[in-house]
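Each chain gets a letter, A, B and so on, in the order its sequence line appears, and its residues count up from 1. Only this structure's heavy atoms are used, side chains among them; waters, hydrogens and symmetry mates stay out. Fair warning: this is a prediction, and the values are worked out from it, not measured in the lab.
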Amino acid sequence: MDTLLTAEIAANAPRYRRKSSTFIDGIHDVTDQDNMAPAQLYSTMSGRLFHSGRIAIVMVGLPARGKTHICVSMARYLQWLGVKTRIFHLGDYRRATVGEGGNVPQDYFYPNASPASTMLRQKILKKCREDIYAWLNHENGQVAIYDAVNPTAAGRRALAKEFAKHDVQTLFLESYVDDEEILKENARNVKIHSPDFDGMDPDEAAERYLKRIETKIPIFETMQEEELNYVKMINAGRAFFYNNVSFNYLSHRIVFYLTNLHIKARTTFFVRAGPAEGEEFYKSDAPLSEEGRSYAQKMTETLLRHREQERKANSEQAGHEIRLRPLTVWTSTRLRTIQTADPLKEQGYNVRQRSQMSQINPGLCEKLSEHAIRRLYPEEVEKHELDPYHHRYPRAESYHDLAVRLEPIILELEREQNDVLIIAHESVLRVLYSYLMHCRPMEIPKLKFPRDEIIEIIPAAYQNEAKRIHIPGLDPQFTPGSPEDIRIPVPSIYSSNLPPIDGISSPVEPSSMDNVLTRPPEKVVNNAKEMVADKVADLD
Amino acid sequence: MAPRTNGIGVQVENTRICVVMVGLPARGKSYIAQKAQRYLAWLSIPAATFNVGNYRRTDAPQPPADFFEPNNPEGERKRRAAAEAAVADMLRWFKKGGVVGILDATNSTKERRKWVLDLMTQNNIEVIFVESKCDDENMIMANIRDVKTTSPDYQGQDPETAALDFRNRIRNYEKVYKSLNQDGDEEDLTFLKIMNVGKQVIINRIRDYLQSRIVYYLMNLHIRPRTVWLSRHGESMLNLEGRIGGDAELSHRGEEYARKLPELVRESVGSDRPLTVWTSTLKRTIATARHLPKHYNQLQWKALDELDAGVCDGMTYQEIADMYPDDFQARDEDKYNYRYRGGESYRDVVIRLEPIIMELERSEDILIISHQAVIRCIYAYFMQKPQEESPWVPVPLHTLIKLTPRAYGTDVQTYKANIQAVSTWRGKGSTAKHEDPSPEKSLFQTH
């Protein structure tokens, strides 16, 4: 295998971010192999789940059909479930082969292309496939998402045959769009940033771009191959056609996920619940204190002000008044979160309580000093240090348990078209945040959500973005590290030679690395749009 | 349908869905309707099925096949009247707080579907059509023999004559049958079309999460025969003391049950065929499963842990009654909804068990070793026990329960290990440790 070329592909691809910050969506990270995923239910020797073998999900569809959005979202969900998934964008291989700024020959996609073009194309395809097999065969991968146009039935049949030869099952996923509005919208979103269309009226640019696709890829046959497994997603999820020859559960799960996927703009806000009365104790489920009620009030004011500002800004940009998207509030069934939503409820907002969003159960170790835990459960401490994400103290929940129980919430969150405000305990916010921003399991227990910040997450096709909004006028005593934190010791993953933790109530906060993880930049650059800019020439 | 909102982004929320079954007779419509209703009701989503056939039967108890001729005016009038009566009842039921109403009928013409859709839309009720389409003649005849010849329409008739008559009845429907969006003019409907038992599926215009959930559930249904075995853990040290919750070891008798379990399971399975075993993460269920054969695959689920009794964890009922008398009474008044301070209610347990049920529906043979409250909830799902009853169902220790789902309901068999154990059942108002369930409460038929 030509490892040099593979490394170069990774290096040239804008899609891999190697340095992790939790305020940048990590969905395109190349992950370390042996980590379990946030909501993985079990592990197997082969690393493959759901009684399924190795699967290639082969994308089918012309450019501007939202394939990237579908690939990325699906990978996010599958990885969350623990299915080892990786996206192989054929475009990355083409760019790496042709070189920076290089162009493929005009007849590259033509059925009767010149021998030179055909050879170039074969070379690129071969390299990409080799990487897929290498990953599936030698790196315990389970689902390879192959992102390319795959325009002809003959090509797809050959592909399925080739994968079968390598003992890989194939599921085709076509994004089929014949709704002009959706096409134009997609084209506008992607192409606006390309220098090719600089200064052009957006509608005209979109139209030209769509024309260009037609000339470049003259033949496209929608899927009708009865003998193949395929899911056809029609007009961005308006309808699905599912031809199932030999697939089972995993594909149902994917279809279920896709039926909840949408591309409409919306925002998710995260805030903590206010501080409670008296001494914090998991089982007491205490109501909000005086400060807690005042916090709820200030948080509400800040949030509503922020929404109104955004609305004004968007209206100005659009040149006409834009109405606010409806806002729904989700809380857990714990008193504190319910009461934090009271000011919003009084204004008529819809508040839903979700028992799945209860905070992590600290079990028997709540309020014990670390010394006491070490004395009472020496073996547990040892196990915990080996795997703080999955280990559970006696009667406690692990973060992994929490992630599993939050799964229905995540699907509902995907489906939701309203803006959602989630008021929950920090442990719940950590897990939901890690889904949306694709954090590594080891990072999850360490994520921090100070009380004086509202976190706003804006989903985008290529990667999600997070912002924070400051809540002014709060007593600093109640903002960070409030006494409600779950006192489960988290050994540092960055320096193993730190002295043992003093007092379990304050998880270690080592060094500067931690700041990278927990402190977001004031303003998050819109990475997503830069990332898609290079897709203009991307016709694979 | 855009969400209705006011100026500041406040939304009115009250989703109500009418699930309209579509398809020729003997395509498993009633089976699907019945499963969906049970699943939703178990999740506390008020659901009811309105079977048009039942309404028609009051008017025409045992009609011959030509009653279903499309141009038999008498038959047509009576069938139309039955549909109207069913839909009228459904609308009344929605007014009383129903959330998902299932209209179980053939609804095989576009006109009939449009009629239902318009009526529901006028009443602000969303409509999702669910069609089961099947062209496999063998499958259809098998279904007719299994299910239809025992229908009240054919009571007392020769099964072969009945089957033939029924096949003719279907032909009458076939004359006017239009599959969903067959002509391309029903594109705006929300629908799920399942063809040849899931070989092909069309999902069209899913509008909200509840609809997607229903669709996902229906896609996971399969008709391969399978069995679910349930057992509580062996008697624990805390059971002996009459204490609830905790994470105790097994008692001597509990250990004895763990050793006996492999034999009991083999007797019930009838072969050495391996089962998949699911336990909770608590010591007593893991210990109970540990003597099962090595070739059984075992998984631990946090979701199968016992109901969390919060502050009352590890107490006896007497202690709870003394320390939290109000809570103790509140729990007896509404045991399903009562949430222990800092703990869970039965309702909470059902919600966390939902993914387990989804896995169970798609899986084949499974043995679940769990706890009293959890087993009550799973049992309630299969046996359609109402919420007032399910938290009181006696689930004795040292007993293996075998559930075999059938087209219309679930068969139950129990296997006693004949190893003594305390009773952990508690009647309403009682605080006694080791109380025997009253005879009329014993719902299980012993094998």
Side-chain angles (χ1 to χ4, degrees), chain A residues 41-42 231 234 237-245 248-249 252-253 255-260 281-285 304 307-308 323-328 333-334 347-350 352 354-356 358 361 364 392 394-395 397-398 400-402 404-405 407-408 411-412 414-419, chain B residues 2-13 181 187 191-193 198-206 208-209 211-213 215-217 219-220 222 245-247 281-282 299-303 305 308 310-313 339-345 347-349 351-352 354-355 359 362-363:
Chain A
L41 289 177
Y42 53 97
V231 176
I234 300 158
R238 198 173 299 160
F240 291 86
F241 182 84
Y242 173 45
N243 190 61
N244 182 21
V245 183
N248 211 329
Y249 185 58
H252 291 171
R253 194 114 180 188
V255 173
F256 174 48
Y257 177 77
L258 292 176
T259 56
N260 283 305
F281 191 49
Y282 173 76
K283 285 176 178 173
S284 65
D285 195 13
L304 296 183
R307 275 167 57 82
E308 182 54 29
R323 279 170 70 98
L324 269 175
R325 274 191 300 274
L327 175 75
T328 307
T333 45
R334 309 284 294 186
Q347 296 197 38
Y349 288 92
N350 206 331
R352 294 174 65 191
R354 321 295 308 263
S355 65
Q356 293 107 317
S358 287
N361 187 337
L364 300 181
R392 56 175 90 87
R395 309 295 308 282
E397 272 180 308
S398 64
H400 172 247
D401 294 330
L402 182 58
V404 171
R405 101 164 122 85
E407 210 241 307
L411 276 159
E412 211 166 333
E414 284 288 358
R415 150 69 55 181
E416 188 63 58
Q417 306 206 352
N418 292 349
D419 288 351
Chain B
R4 286 161 292 156
T5 58
N6 68 13
I8 56 165
V10 175
Q11 192 183 353
V12 200
E13 183 182 40
N181 202 27
E187 222 169 56
F191 66 80
L192 166 70
K193 193 196 288 202
K199 281 272 168 262
Q200 287 174 325
V201 178
I202 299 174
I203 303 166
N204 199 54
R205 291 191 190 260
I206 297 298
D208 62 36
Y209 182 70
Q211 290 180 352
S212 82
R213 198 95 218 173
V215 165
Y216 177 51
Y217 176 77
M219 281 175 71
N220 274 319
H222 66 78
D247 189 12
T281 65
L282 296 170
L299 289 179
Q300 291 173 20
W301 292 80
K302 187 76 188 168
D305 280 6
D308 182 352
V311 288
C312 297
D313 186 69
R339 178 181 291 134
Y340 276 109
R341 294 175 184 219
E344 289 179 303
S345 65
R347 181 183 295 278
D348 294 340
V349 172
I351 290 169
R352 80 158 132 97
E354 203 260 2
E359 290 278 311
R362 72 167 185 92
S363 305

Original post:
In terms of heavy-atom pairs under 4.5 Å with chain A, which of B:Asp308, B:Thr281, B:Asp348 leads?
Top reply: B:Thr281
Original post:
What part of A:Ile234 lies closer than 4.5 angstrom to a heavy atom of chain B: side chain, backbone, both or neither?
Top reply: neither
**OP:** Identify which part of B:Arg347 has an atom lying under 4.5 Å from any heavy atom of chain A, answering side chain, backbone, both or neither.
**Re:** neither
Original post:
Which value, rounded to the nearest 0.5 Å, describes the distance between A:Ser358 atom OG and B:Glu344 atom CD?
Top reply: 8.0 Å
Subject >> Pick from A:Glu414, A:Gln356, A:Glu412, A:Arg334 with the largest number of heavy-atom pairs that fall under 4.5 Å of chain B >> reply: A:Glu412
Subject >> Minimum heavy-atom distance between B:Gln200 and A:Phe241, given as atom pair plus value >> reply: NE2-CZ, 3.8 Å
Subject >> Taking every non-hydrogen atom, the tightest pair across B:Ser212 and A:Thr259 >> reply: CB-OG1, 3.7 Å
Original post:
Are the side chains of B:Lys302 and A:Ser398 in touch, meaning some heavy atoms are under 4.5 Å apart?
Top reply: no
Original post:
Considering only heavy atoms, which portion of B:Asp305 lies under 4.5 Å from any heavy atom of chain A: side chain, backbone, both, or neither?
Top reply: neither
Original post:
Is it the backbone or the side chain of A:Val231 that comes under 4.5 Å from a heavy atom of chain B, or both, or neither?
Top reply: neither
Original post:
Considering only heavy atoms, which portion of A:Thr333 lies under 4.5 Å from any heavy atom of chain B: side chain, backbone, both, or neither?
Top reply: both
Original post:
Which heavy atom of A:His252 sits nearest a heavy atom of B:Met219, and at what distance?
Top reply: CE1-O, 3.1 Å
**OP:** Applying side chain to side chain contact (heavy atoms under 4.5 Å, CB included), run through B:Val201 and A:Phe240 and close with a yes or a no.
**Re:** CA-CA 8 Å; B:Val201 178; A:Phe240 291 86; over 6 Å; no
Subject >> Whether B:Tyr209 and A:Phe256 hold their rings parallel, tilted or perpendicular, with breakpoints at 30° and 60° >> reply: tilted
Subject >> Side chain, backbone, both or neither of A:Arg354 within contact of chain B (heavy atoms, under 4.5 Å) >> reply: neither
**OP:** Using non-hydrogen atoms and a 4.5 Å limit, figure out which bit of B:Val215 sits close to chain A: side chain, backbone, both or neither.
**Re:** neither
**OP:** Pick one of side chain, backbone, both or neither for B:Arg352, based on which atoms fall under 4.5 Å of a heavy atom in chain A.
**Re:** neither
Subject >> Residue A:Arg238 versus chain B: region with a heavy atom under 4.5 Å >> reply: both
Original post:
To the nearest 0.5 Å, what is the distance between CD (A:Gln417) and CG (B:Asp208)?
Top reply: 10.0 Å
**OP:** Let me know if B:Leu282 has heavy atoms under 4.5 Å from chain A in its side chain, its backbone, both or neither.
**Re:** side chain
**OP:** Against chain B, label A:Asn260 side chain, backbone, both or neither, depending on which of its atoms sit under 4.5 Å from a heavy atom there.
**Re:** side chain
Original post:
At what distance, to the nearest 0.5 angstrom, does CD of A:Glu407 lie from CD of B:Glu354?
Top reply: 9.0 Å
